[in-house]
Every structure is written in structure tokens, then in C-alpha cells.
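Notes for the one structure printed next.
Both backbone and side-chain heavy atoms feed into the values below; hydrogens, waters and symmetry mates do not.
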Amino acid sequence: MSKGQDAQSQLVSFIRHTRFEDLPVELVARTKRHLIDTLGAGLVGATSQVAKEVSAVLLSEGATPLATLWGRKEYTSPRNAALLNGIAAHAFELDDTGGCDHSGAVVIPAILAILPLCQRVISGEELITAVVIGYDVARRVLEACGGYSAHNGAGWHSTSTCGVFGAAAAAARLLALDDRQISNALGIAGSFSGGLWAFIHDGSQSKKLHAGRAAEGGVLAVLSAQVGISGPGQLFTTHWGGFLQTLAPTTAEPAALVAELGQTWKLLRCSIKPYASCRGTHSAIDATGILLERLAVAGSDIAEVQITLSPFLYEMCGDEQISSLAAAQMSIRYAVAARLVYGHAGLDAYGGTQRRDPVLLAAIARVNLQVDPTFSADGEPLVTLVSKQGDRLSLRVDIALGAPANPVNDQQLWDKFISLASKALPEEQARHLWRAVLSLEACDDVRVIEALLR
């Protein structure tokens, strides 16, 4: 048996046999936080232009009405629900990061979409276990590609390319597939992998589709495997046409697929976003706020902002294009200017009116970027504020707010969730959803969660 095939077999065993009792208490608690955070992002995302427009296309085609569309009254097919809820969860850049990258927006829409197809009642413990498995597998595939900066730096959007495996793994677990079916599902998922960073150059909306496409791909892979469609059993070998050989020919680290499998839980490395922008901008937002406090000045008192950053971060977040929401959310200049002008970089800082605000545009013009090739691709930028009085301070925040080592607290998570969810649901229903998810391990039938999303 080849190393790649052995890794695939180990992943299959992990997917099928991991038990809720194997999960550390901290992991269970963190999983519930990521679940409620993703649902909040998806509920407000259902109100987005991109979610509405893709929904109109798919719902006009007709589909068996089985699965719930979050924040809406309609039902649709499991595949459509995975796609549309995944798009919604990623629509406003509010979903979690640090997994595949955006694991929540891929894994959670996939498993909730296939609930109507499960032949047994799914408990809260089972749902939590499936979420953990999905996050783990998706992240491991990314690490096997060489990690985030290597894989995304090559032009692949890992949320889609690697996330499809997490969606397949989690859905396969809930549908109780056997070893052969799970292996086939992973193999099929490899052929559904895709997603390019080309959107970054003109602020196009294709990025918003990636999480949903990965969720849908995972569901389709599992449903195909369930009825007997076969997939390659040596997907991760170095053979021609293998996943790592094709998508990561010079950066692959195959051992990462199963390193400390079942011991190091990948969800624990994920971050919950406090800001409605690309994670690459968050450290600069934090640094700007801290420097304003240290200088004891308002944002309007800043004459210039200098940001020194790595070539990788510049390629991802350095574009001057901000005319569309998608472009503005990827811009480090916009994020820092929003912190100066509006005092925050939440969703309300990215509206159409805000993006055209002359005061904001003037602030963006005062933000200058300098690329330093000695900065690590995974490192954070150095931010320097220069006041109109000539005072100058610099700071690099190495652990941004929301990271596991600097988490949002319970109040911040609640404030984020209720502000987002209540844009699509009555507030009392949103409060009920919060309580149900935060006590999920005591739930006998997770269809109560699905009902609260309508």
C-alpha cells in the first residue's frame, strides 16, 4: 500500500470512527462558538445581493423542497441548500478563518443541508462531531498542500480547493457511510476541487461563490458515493493526476494529512472574525486602534498611515480597487481608513454609502503601503501612524483579535451574532437559536436548529 493510499485509509477511519467522547471539553465548547458564528454570518449573508441573485437562479429551476434556506421561507434540494447557504455564510466576509481557510462556511452548510437525507435522528453530539471532523480534514488537506501562503500564493483559493474535502467528510459521517463509500467520496471530492484568486484584481464576486461551491461539491461527492459511484483510492499519491501532484507539485507535504490525527484538533487553530473584512487586514485594524489610543488622538488627527507588509499580503490585500463590496473587504487600505473614520471595521463600515464617503476616500489616500521582501508571508504588517502634530508611533500586532490566543469574548460573540442574525430573523428567534446552539450537546434532535433558521 502506498503512503498516499495509507493516508486516505487513515482519514477514512478517522471520519467513520471518531466519537464525541474523543473530543476534549475545550474543543466541544469552541465548536459551538464556531457553529453559532457561522449561522450568524449566514443569516445576514442571506440578505446580500450575491446570495439573493444566485438563489433566484436556482429556485427558478425547481427542486425537491427538502432542505432549509437560512433566513428564508423557501426549501430546496440538499445540494442547492449547501450551495446557497455556503454563499450566504461567506457573502460578507464575516465567517471564521484559519481552517481551510473559511471552514465554517463550507462544512456547516453541507451538514445541515443533508439532515433531511439522514435515515436516523441526529443528536447534538453527532452534529458537533461531524463539524469537528469536517474542519479537521479540510485543514489537513491544506497543510498537505504546503500550507496557506504556499497554496493560496500559487493562485488557488483554499476555501474551495480544500474545503470540499471537509464538506464531504462531515456529510459522510452524518449519512453513516461505510469505509468504501467514504473513500470514494473523498476521491470524488478531489475532482470537484477548484477556486481561483483571479477575483482579487478587479473586485469581482466569484470569491463569494467558493464556499458554497465547496459545500455543494462535498454533498454531491457523498451522495454519489452513497449510490455506488467510485472515486480514486490513491488520490493523495504522487502519481500523475493525484491531488497533491496536480495542485501542489512543488510544495506538497503529504505527511501533514495524518500527522497527529485524532490528537491535534484543527478547529482549535481557527479564528472568529470581529471585522467584516479579509483576515489579512485584521492585525492592521487592531494596530491602528491601539496606536490611536497611545497617541491620544482621533482618527481625523492622523496625517498619514504607513503600512509595511509582505509581498504575499500585498498581493492579497494591497489592491487600490474598492468600488465593489468584494474589493473593499479585501483592501487593507480601506480597513484601516474605516477604523480611522468610523471607529470600527464592522459590516456597517462597508455599505455603499460608506464606500463613497469623501471623508473615507480622503483617509484611504493617506494610507501608504510599502512592501518589504524580508517580511514572512505568514507575518503581520507593521503599522505607523503620523499625527498632524508630527508625532509618530509604530506597532505590529502579531496576534489579531479573534485568533485562538486572543479570542473574542462571550459578550463580543453575542453582540456580533445578535446584530447579524436579527437582520434575517425576529430577535427573539435569534436569541432562541443562540441558546439552542450553545447547549447543543444536550439536544436529542438537531432539526430544532434547522427549524430556527427559517
Side-chain angles (χ1 to χ4, degrees), residues 44 92-94 271-309 313-314 317-325 327-372 375 379-403 406-409 411-416 418-420 423:
V44 71
F92 285 132
E93 289 289 341
L94 289 158
S271 304
I272 288 177
K273 285 185 171 184
Y275 312 123
S277 59
C278 175
R279 170 59 181 79
T281 70
H282 287 204
S283 173
I285 297 169
D286 289 342
T288 300
I290 294 169
L291 290 172
L292 286 173
E293 290 182 1
R294 291 181 180 177
L295 288 168
V297 297
S300 57
D301 294 320
I302 298 302
E304 181 184 5
V305 181
Q306 300 169 359
I307 303 177
T308 306
L309 69 175
L313 185 57
Y314 179 80
C317 298
D319 202 289
E320 296 185 12
Q321 169 71 248
I322 63 160
S323 59
S324 70
L325 172 62
Q329 290 176 312
M330 297 301 299
S331 169
I332 197 168
R333 287 186 176 94
Y334 189 105
V336 167
R339 178 63 182 84
L340 292 176
V341 174
Y342 304 128
H344 67 92
L347 185 58
D348 291 342
Y350 286 86
T353 300
Q354 287 76 17
R355 296 199 306 274
R356 296 186 296 271
D357 183 350
V359 177
L360 177 78
L361 297 176
I364 291 174
R366 297 197 295 272
V367 180
N368 299 310
L369 306 185
Q370 179 177 350
V371 177
D372 188 331
F375 275 38
E380 301 292 1
L382 176 69
V383 178
T384 300
L385 297 192
V386 181
S387 74
K388 291 178 179 178
Q389 293 73 35
D391 297 320
R392 172 190 296 261
L393 279 181
S394 300
L395 179 67
R396 173 162 43 204
V397 174
D398 290 318
I399 303 175
L401 179 62
N406 185 20
V408 295
N409 61 37
Q411 185 63 50
Q412 290 169 321
L413 181 62
W414 160 258
D415 290 343
K416 176 186 176 183
I418 203 68
S419 70
L420 301 180
K423 288 181 169 59

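Asp301 and Gln389 are not linked by any side-chain donor-acceptor pair at a separation below 3.5 angstrom, with hydrogens and angles left out of the test. Thr308 and Gln306 share no side-chain donor-acceptor pair at under 3.5 Å.
Rounded to the nearest 0.5 Å, atoms CG (Leu340) and CG (Leu291) are 10.0 Å apart. Considering CE of Met330 and CG of Leu325, their distance stands at 11.5 Å, rounded to 0.5 Å. In this structure, Leu94 CG and Leu347 CG are separated by 5.5 Å, a value rounded to the nearest 0.5 Å.
Counting only distance, with no hydrogens or angles, the side chain of Asp286 and the backbone of Ala400 share no donor-acceptor pair below 3.5 Å. Checking side-chain atoms of Lys416 against main-chain N and O of Leu420 turns up no donor-acceptor pair under 3.5 Å. The backbone N or O of Phe92 lies less than 3.5 Å from a partner atom in the side chain of Gln329, making a donor-acceptor pair. Remark: side-chain polar atoms of Arg356 are paired, donor with acceptor, to backbone N or O of Gly352 under 3.5 angstrom. Under a 3.5 Å cut-off, the side chain of Gln321 and the backbone N or O of Ser323 do form a donor-acceptor pair. Panel note: side chain Arg333, backbone Gly318; a donor-acceptor pair is recorded below 3.5 Å. In this structure, the side chain of Ser283 engages the main chain of Val397 through a donor-acceptor pair within 3.5 Å.
Proximity of the aromatic rings of Tyr350 and Tyr334 is defined here by a centroid distance below 6.0 angstrom, and this criterion is met.
A pairwise comparison of heavy atoms in Ala328 and Arg355 identifies CB-CD, 3.7 Å as the closest pair. Heavy-atom minimum distance, Cys278 versus Cys317: SG-SG, 3.7 Å. Shortest non-hydrogen contact noted between Leu382 and Phe375 is N-CE2, 4.1 Å. The nearest pair of heavy atoms linking Leu393 to Arg294 is CD1-CB, 3.7 Å. Considering every non-hydrogen atom in both Ala335 and Ala345, the closest pair reads O-CB, 4.3 Å.
For the side chain to side chain contact (heavy atoms under 4.5 Å, CB included) with Leu395, the qualifying choice from Leu385, Val383, Ile290, Thr288 is Ile290, the only one to do so. Residue Leu369 is tested with Ile307, Leu313, Val305 for a side chain to side chain contact (heavy atoms under 4.5 Å, CB included); the sole match is Ile307.
Evaluation of the side-chain hydrogen bond (donor to acceptor under 3.5 Å, both in side chains) rule for Ser394 yields Thr384 as partners, not counting sequence neighbours. For Tyr275, the ring-ring contact (aromatic ring centres under 6.0 Å, His included) criterion is met by His282, not counting sequence neighbours.
Between Glu304 and Asn368, some side-chain heavy-atom pair lies under the 4.5 Å cut-off. Leu309 is not listed as a side-chain neighbour of Asp372, based on a closest heavy-atom distance of 4.5 Å or more. The shortest distance between side-chain heavy atoms of Val336 and Thr281 does not fall below 4.5 Å. Using a 4.5 Å heavy-atom cutoff, the side chains of Ser277 and Ile285 are in contact. For the pair Val367 and Ile332, the minimum side-chain heavy-atom distance is 4.5 Å or more.
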Next item on the list: Show your reasoning for whether side chain to side chain contact (heavy atoms under 4.5 Å, CB included) applies to Val386 and Arg392.
Entry: CA-CA 4 Å; Val386 181; Arg392 172 190 296 261; 3.8 Å; yes
Next item on the list: Under the side chain to side chain contact (heavy atoms under 4.5 Å, CB included) rule, what do Val297 and Asp391 come out as? Steps first, then yes or no, please.
Entry: CA-CA 10 Å; Val297 297; Asp391 297 320; over 6 Å; no
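In Glu320, the CD atom is not crowded: 12 or fewer heavy atoms of neighbouring residues, nucleotides or ligands sit closer than 6.0 Å.
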